[in-house]
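The basis for the numbers below is simple: all heavy atoms, side chains too, and nothing from hydrogens, waters or symmetry mates. None of these values were measured; they are calculated from a predicted model. Atoms within each ligand, like the ligands themselves, are counted from 1 in listed order.
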Amino acid sequence: MSIPRQGRSPAVALDELNALRADDAPVHGGRVLAYVYDAGLADVTDAGLRALADFGEVNALDPTVFPSVGRIENDLVGWGLDLLGGAEASCGVVTSGGTESCLLAVLAGREDWRRRGGQGQPVLVMPVTAHPAFAKAAHLLGLRLRFVPVDGGSMRVRAADVATALDEEGTAVALVVVSSPSYAHGVVDPVAEVAAIAAARGVPCHSDACIGGLVLPYLRRSGRDIPDFDLSVPGVRSLSVDLHKYGFAPKGTSLLLFSDAEYRSGTYFTYSSWPGYPVVNTTLQSTKSAGPMAAAWVVSRALGDEGYAAAADRAIRATDLVVDAVGSLPGLRVLGPPDSTLVAIAAEGAEADGGVDPFVLADRMRARGWFIQPQPAFADLPRTVHLTMQPTSIDTVDEFVVDLQRSAAECAGAPWAAADPALLAAASDLEAATLDEATVAGLLAFAGLVGDGGAGLPDEAAGIQALLESLPDPLRDRLLAGFFSLVFSARRGPDA
Ligand SMILES: Cc1ncc(COP(=O)(O)O)c(C=O)c1O
């Protein structure tokens with residue numbers, strides 16, 4: 001049995017639980033530059049966590065039984081609409097995170113397309129840099145993806161390329177997505193141009209501001225030149241913005257804002273043709289905890305507009321310092337440059353010309369206690385490392401830059417991580433779709449990803465990153481899925 005036969009004291013159980021975090025990356029302190037968002041305000045964080053607990057048992061499925069849910073949700077959506085260009089008719093919904101917001105945005109587009117008389121399989125047009133949440137939405141909701149390349153210099157999609165894609169796909173297009181900004185490079189697509197092109201063809205546009213929606217408005221207010229990206233842009237019918245990113249709320253909340261309730265209506269699911277309670281779902285979940293939205297409510301009120309402005313200011317100042325520092329480091333360059341608080345660092349020059357391998361750099365930084373996130377080369381876009389800069393980064397940025405300089409110096413002239421050609425040749429014979437779980441597990445063990453200690457990445461992961469980067473997409477995806485299958489390999493234990 002995986003629970004004790006006899007219960008133990010809750011305090012002991014909690015201690016045991018917290019001990020499980022021993023190997024986790026720290027969520028505060030500014031040394032982990034992906035996945036976490038740290039405003040550096042312990043009292044605000046604590047208030048959010050307290051609200052998470054206080055509301056954890058409230059069922060946000062039914063605002064008639066728990067009216068607090070309606071009040072909290074309307075306050076959060078109202079805030080989002082104030083900040084992000086909502087009009088009189090605009091509305092929204094609180095979801096569990098960016099991916100759920102993106103899924104519902106695609107659902108709204110698909111249902112709108114059906115109402116417009118769309119026939120056959122709907123198409124989702126998006127830049128190659130759009131977040132995979134949209135590929136997941138297309139997969140789940142039966143849309144075909146039409147990718148549009150991005151400009152190799154600015155990393156932004158070109159509006160003219162979107163127009164071409166729209167014209168070629170014709171009436172099959174249900175929705176166009178743009179990023180505000182993209183996760184990988186931190187740049188804002190030409191939202192206004194794309195939305196106008198889409199609107200001229202009767203197609204709605206979604207602006208994915210999951211990661212930038214609570215930063216860009218403040219950067220603009222402080223005088224930065226931020227392209228138009230919000231709901232006020234004609235043709236933008238929906239916009240996603242995550243409260244669990246730069247909203248600094250605990251994980252589990254995002255906002256999806258809509259131009260109008262008619263457009264939102266496609267995302268609602270109601271079912272009353274059964275002998276139980278009439279089900280009305282405004283999100284993918286049905287029973288859901290009010291904890292995350294309550295936490296976001298408290299954090300947003302504790303920070304206030306000025307708190308968010310200050311947080312954005314700290315994060316962007318840290319970003320600027322990193323961008324400048326990389327600019328003066330031989331062998332490295334910043335892509336974009338970014339519009340927001342995300343940085344993508346690539347090699348300046350090829351291996352033979354002294355370019356620094358971002359994968360090796362990530363390993364060196366990891367050895368110095370920093371997590372920066374490797375991003376593989378894709379099409380003609382180079383291999384990079386990603387940094388999500390945070391308000392707390394301003395306190396650690398000097399140390400970061402020194403360690404980056406040291407790490408880059410160590411990498412200078414060092415060979416780039418590359419996949420073993422023999423391994424690649426062997427892999428090219430493999431047909432991803434035919435590989436069963438056991439074969440995949442064997443391949444992962446061979447590649448060094450699983451050992452006696454279970455599934456995990458070695459401290460020096462550049463070689464593995466390079467191998468994955470070189471594999472054909474279907475095989476890479478199969479191995480990645482197999483890896484997670486091994487991480488989550490719990491089995492029923494023997495009967496006691
Ligand atoms: C631009 C963008 N969209 C969508 C998402 C998906 O958000 P989540 O991880 O909360 O599901 C992310 C996550 O980083 C993102 O950066």
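His131 and Tyr183 have perpendicular rings, their planes meeting at more than 60° on a 0 to 90° scale where under 30° would count as parallel. Relative ring orientation between Trp370 and Phe400 is described as perpendicular, the plane-to-plane angle rising above 60° on a 0-90° scale split at 30° and 60°. Between Tyr308 and Phe248, the two ring planes are parallel [angle under 30°; tilted spans 30° to 60°]. The aromatic rings of Tyr246 and Tyr37 sit perpendicular to each other, their planes meeting at more than 60°, with 30° as the lower class boundary.
Neither the backbone nor the side chain of Glu100 comes within 4.0 Å of ligand 1, counting heavy atoms alone.
Protein heavy atom nearest atom 9 (O) of ligand 1, with residue, atom name and distance: Lys245 NZ, 3.8 Å. For atom 16 (O) of ligand 1, the closest non-hydrogen atom of the protein is Tyr183 CD1, 3.4 Å. For atom 12 (C) of ligand 1, the closest non-hydrogen atom on the protein side is His131 CD2, 3.2 Å. The nearest protein atom to atom 1 (C) of ligand 1, hydrogens excluded, is given as Asp208 OD2, 3.2 Å; this is a heavy-atom distance.
Considering Arg31, Gln390, His28 in turn, His28 is the only one that fulfils the side-chain hydrogen bond (donor to acceptor under 3.5 Å, both in side chains) rule with Asp38. When each of Asp228, Asp225, Asp230 is checked for a side-chain hydrogen bond (donor to acceptor under 3.5 Å, both in side chains) with Arg220, only Asp228 meets the rule.
Geometrically, Arg301 engages Trp297 in a cation-pi contact defined by less than 6.0 Å to the ring centre and at most 45° from the axis.
Ligand 1 lies less than 4.0 angstrom from a heavy atom belonging to His244.
Per-residue contacts place Asp242 under 4.0 angstrom from the following atoms of ligand 1 (heavy atoms of the residue considered): 7 (O), 10 (O). Close approach to Cys210 involves these atoms of ligand 1, each under 4.0 Å from a residue heavy atom: 2 (C), 3 (N), 4 (C). Atoms of ligand 1 lying under 4.0 Å from at least one heavy atom of Ile211, given by number and element, are 16 (O).
Taking any N or O of Thr99, backbone or side chain, at least one lies under 3.5 Å from an N or O belonging to ligand 1.
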